[in-house]
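Structure in structure tokens, see below.
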Amino acid sequence: MRKRVGVQFRKSRKTTYTFERIQGCKRCHTYHVLWDTHCENCGRAYTPIRQLSTAVTRRYVQTRFLLLGLFVCLAILSADTILQLALAFGIGILLFALFFVIQKRYGSYEKDAQFVRFLTSERETIKQSLVHHLEDIGADVKAERIKDAYEKTREIGHFIESDTIKIRKIMFLNHYVLRKDMELELDTLIPKTYDKDFMEYLREVIKVQPWLVKKAMLDYVKRYKAQILLLENGEQLIGQVAGAALRMKTYVEQYQELIIEFIDYLPRERLLRLAKMASTHRHDGWDRLYEAVKQRVDTHYAFDPDFKGLFN
């Protein structure tokens with residue numbers, strides 16, 4: 001087993017939408033999804049992509065305003081009589097008023113629609129920037145800057161969902177001691193196929209943040225149970241995953257067979273929680289689970305006061 005080292009990762013930005021992580025350089029027309037605030041090429045401050053799109057929308061509005069003004073001016077200049085001049089002037093004022101009312105009422109919708117078009121038009125440029133980031137990660141790995149490589153891969157992972165990115169993050173994380181105070185992930189790292197490095201990561205994560213085990217992880221363990229059992233202490237690992245499932249009654253109901261099969265590997269505190277749940281929900285279709293828990297308790301914890309009275 002590799003020797004793990006301590007580490008303090010930089011905090012990842014919290015955003016409501018993924019696009020809020022994208023920043024752009026107006027001068028170089030490049031994009032950036034990491035933590036730098038200024039362009040590495042020209043030194044100019046990055047601008048959030050939504051602001052770049054808003055500037056484009058503002059130019060479109062200004063162009064339409066100028067065209068409208070030009071149309072009104074031509075109408076006024078073409079007037080031959082006082083009446084025509086008054087009509088042109090009055091209609092012009094009405095059109096400008098209508099223009100401002102429409103912009104005020106529907107301007108936000110236009111910004112959103114324009115933003116979608118802007119993202120679509122900039123897709124290839126954003127992809128090129130992500131490729132540039134991936135090249136930087138490759139250089140970090142060669143220079144053994146594993147911490148930097150992981151932090152960059154973590155940010156890119158918000159935009160590229162692939163097993164390659166997932167396995168890279170897993171391999172980087174397996175260099176370090178994991179702690180309860182870290183911003184760890186699990187569901188977003190589950191690969192499409194069985195991966196031994198992922199199992200090593202799962203073994204460490206479940207020690208410090210068992211609440212990360214959710215349905216997707218339980219399904220993965222159930223699907224690749226045979227391969228996991230070939231690992232050293234594979235039974236204990238599945239037992240830990242089954243124990244983590246006891247946080248929710250829904251998981252216990254859905255994964256009863258897995259829990260029963262590996263009940264011998266549940267830690268004492270997990271077995272105690274399961275015993276309390278099984279005694280409460282015995283008549284809710286938990287008969288087999290109830291009997292399995294009772295047998296385990298009678299065999300190993302018959303004289304433990306914490307278990308006393310649960311199966312009377």
Side-chain angles (χ1 to χ4, degrees), residues 1-18 20-23 31-40 46 129-214 216-218 220-221 224 228 231-234 236-241 243-244 247 267:
M1 184 176 291
R2 76 184 74 187
K3 183 179 179 181
R4 295 171 178 266
V5 297
V7 69
Q8 185 70 46
F9 294 125
R10 72 175 75 224
K11 297 291 184 180
S12 182
R13 286 179 296 160
K14 302 296 183 183
T15 60
T16 304
Y17 303 102
T18 301
E20 293 174 345
R21 296 177 174 274
I22 306 175
Q23 302 180 88
Y31 291 97
H32 189 80
V33 302
L34 303 180
W35 45 83
D36 298 318
T37 58
H38 290 74
C39 178
E40 63 180 356
Y46 285 121
S129 298
L130 292 176
V131 170
H132 177 67
H133 288 329
L134 289 172
E135 292 172 350
D136 286 344
I137 292 171
D140 288 334
V141 173
K142 289 181 180 179
E144 298 185 354
R145 296 189 296 268
I146 305 301
K147 176 180 176 292
D148 290 340
Y150 166 70
E151 290 172 342
K152 292 176 182 178
T153 307
R154 179 185 61 188
E155 298 303 317
I156 293 173
H158 291 287
F159 301 91
I160 303 176
E161 185 176 353
S162 70
D163 272 10
T164 300
I165 295 296
K166 293 177 181 179
I167 297 304
R168 278 191 179 189
K169 287 198 284 186
I170 291 165
M171 293 178 67
F172 296 151
L173 285 167
N174 282 341
H175 283 81
Y176 301 109
V177 177
L178 305 184
R179 302 187 312 275
K180 183 176 292 188
D181 64 318
M182 285 181 166
E183 294 180 358
L184 300 176
E185 52 186 322
L186 191 58
D187 273 12
T188 53
L189 292 181
I190 298 176
K192 295 179 181 177
T193 58
Y194 175 75
D195 185 81
K196 192 173 181 180
D197 289 319
F198 179 61
M199 288 297 99
E200 181 183 344
Y201 174 71
L202 172 63
R203 194 186 297 274
E204 296 301 316
V205 166
I206 208 168
K207 293 177 183 177
V208 296
Q209 296 185 12
W211 56 84
L212 292 179
V213 174
K214 298 177 183 177
M217 189 67 252
L218 290 163
Y220 184 91
V221 169
Y224 296 108
I228 297 172
L231 298 174
E232 183 180 357
N233 298 320
Q236 286 86 344
L237 177 57
I238 299 179
Q240 288 177 304
V241 173
R247 293 183 303 105

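FYI, side chains are in, hydrogens and waters are out, and symmetry mates aren't considered; it's all heavy atoms of this structure.
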Kindly indicate whether the side chain of Val33, heavy atoms from C-beta on, has any atom under 4.5 Å from the side chain of Ser129.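 No; the side chains remain at least 4.5 Å from each other.
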Restricting to side chain to side chain contact (heavy atoms under 4.5 Å, CB included), what partner residues turn up for Thr18, sequence neighbours left out?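 Counting only residues at least two positions away or on another chain, Thr18 forms a side chain to side chain contact (heavy atoms under 4.5 Å, CB included) with His158, Phe159.
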Can you tell me which residue among Val213, Leu212, Leu186 is in a side chain to side chain contact (heavy atoms under 4.5 Å, CB included) with Ile206?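 With Ile206 as partner, side chain to side chain contact (heavy atoms under 4.5 Å, CB included) holds for just one option, Val213.
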Inter-residue atom distance Met199.CE - Tyr194.OH, 0.5 Å rounding: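 Rounded to the nearest 0.5 Å, the CE-OH separation comes out at 6.0 Å.
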Less than 4.5 Å apart, any side-chain heavy atom of Leu134 and any of Ile137?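 A side-chain contact exists here, since the closest heavy-atom pair is under 4.5 Å.
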For Val208, check side chain to side chain contact (heavy atoms under 4.5 Å, CB included) against everything at least two apart and list the hits.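 Listed in chain order: Leu178, Leu184.
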To the nearest 0.5 Å, what is the distance between CD on Glu204 and CD on Gln209?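 Here the interatomic distance stands at 12.5 Å.
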Can you pull out every side-chain hydrogen bond (donor to acceptor under 3.5 Å, both in side chains) where at least one residue sits in residues 183-192? Sequence neighbours excluded, please.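 Residue pairs passing side-chain hydrogen bond (donor to acceptor under 3.5 Å, both in side chains), neighbours aside: Lys169-Glu185, Glu185-Thr188.
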Partner residues of Glu155 under the salt bridge (charged side-chain N to carboxylate O under 4.0 Å, His left out) criterion, sequence neighbours left out: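 Per chain and number, Glu155 pairs via salt bridge (charged side-chain N to carboxylate O under 4.0 Å, His left out) with Arg21.
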Please enumerate all residues that pass ring-ring contact (aromatic ring centres under 6.0 Å, His included) together with Tyr220, with sequence neighbours excluded.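 Checked Tyr220 against ring-ring contact (aromatic ring centres under 6.0 Å, His included); matches are Phe198, Tyr224.
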Out of curiosity, Thr153 OG1 to Leu173 CG, how far, rounded to the nearest 0.5 Å?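 Nearest 0.5 Å value for the OG1-CG distance: 9.5 Å.
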Looking only at non-hydrogen atoms, find the nearest pair between Arg247 and Pro210 and report the distance.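 Taking Arg247 first and Pro210 second, the nearest heavy atoms are NE-O, 4.0 Å.
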Show, in sequence, the C-alpha distance, side-chain angles and deciding distance for Lys14 and Glu20, and conclude whether the salt bridge (charged side-chain N to carboxylate O under 4.0 Å, His left out) test is met. CA-CA 9 Å; Lys14 302 296 183 183; Glu20 293 174 345; over 6 Å; no
For Arg168, all residues meeting salt bridge (charged side-chain N to carboxylate O under 4.0 Å, His left out), sequence neighbours excluded: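 With sequence neighbours excluded, Arg168 shows a salt bridge (charged side-chain N to carboxylate O under 4.0 Å, His left out) to no residue whatsoever.
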Considering residues at least two apart in sequence or located in another chain, which fulfil the side chain to side chain contact (heavy atoms under 4.5 Å, CB included) criterion with Lys166?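 For Lys166 the side chain to side chain contact (heavy atoms under 4.5 Å, CB included) partners, ignoring immediate neighbours, are Glu161, Asp163.
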From Lys196 atom NZ to Asn174 atom CG, the distance as rounded to the nearest 0.5 Å: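 Answer rounded to 0.5 Å: 12.0 Å.
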Side-chain contact, heavy-atom cut-off 4.5 Å: Leu237 with Val221?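 Of all side-chain heavy-atom pairs linking Val221 with Leu237, none is under 4.5 Å.
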Provide the closest heavy-atom pair for Val177 versus Gly6 in the form atom of the first, atom of the second, distance.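 Closest heavy-atom pair between Val177 and Gly6: CG2-N, 4.2 Å.
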Within the 4.5 Å heavy-atom criterion, are Leu130 and Tyr31 side-chain neighbours or not?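 Not in contact.
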If you look at every heavy atom in Leu189 and Ile170, which pair is closest and at what distance?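 Where Leu189 meets Ile170 most closely, the heavy atoms are O-CD1, 3.6 Å.
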With sequence neighbours left out, write down each residue that passes salt bridge (charged side-chain N to carboxylate O under 4.0 Å, His left out) with Asp36, or none if nothing qualifies.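 Listed in chain order: nothing, the list is empty.
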Salt bridge (charged side-chain N to carboxylate O under 4.0 Å, His left out) partners of residues 130-142, not counting sequence neighbours, each pair once: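 Those involving residues 130-142 are Asp140-Arg145, Asp140-Lys152.
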Which heavy-atom pair separates Val7 from Lys147 by the least distance, and what is that distance?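 Closest approach of Val7 to Lys147, heavy atoms only: CG2-CD, 3.7 Å.
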Which residues pass the side chain to side chain contact (heavy atoms under 4.5 Å, CB included) test with Asn233, not counting sequence neighbours?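 For Asn233, the residues satisfying side chain to side chain contact (heavy atoms under 4.5 Å, CB included) (neighbours in sequence not counted) are Arg203, Gln236.
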Just to verify, what does Arg10 make a salt bridge (charged side-chain N to carboxylate O under 4.0 Å, His left out) with, not counting sequence neighbours?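 By the salt bridge (charged side-chain N to carboxylate O under 4.0 Å, His left out) rule, Arg10 matches Glu151.
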Is there side-chain contact between Ser12 and Arg154, with at least one heavy-atom pair below 4.5 Å?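 They are in side-chain contact.
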Taking only residues two or more places apart in sequence or in another chain, which ones pass side chain to side chain donor-acceptor pair (under 3.5 Å) with His132?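 Applying side chain to side chain donor-acceptor pair (under 3.5 Å) to His132 gives Glu40.
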With distance as the sole criterion, is a donor-acceptor pair present between the side chains of Arg179 and Gln8 under 3.5 Å?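 Distance-only check passes for Arg179 and Gln8.
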Go through Phe9 and Tyr176 one step at a time and tell me if the ring-ring contact (aromatic ring centres under 6.0 Å, His included) criterion holds. CA-CA 10 Å; Phe9 294 125; Tyr176 301 109; 5.5 Å; yes
Within the 4.5 Å heavy-atom criterion, are Thr37 and Tyr46 side-chain neighbours or not?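 No. Closest side-chain heavy atoms not under 4.5 Å.
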Any chance you could measure Asp195, atom CG, to Ile167, atom CD1, to the nearest 0.5 Å?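 One gets 3.5 Å once the value is rounded to the nearest 0.5 Å.
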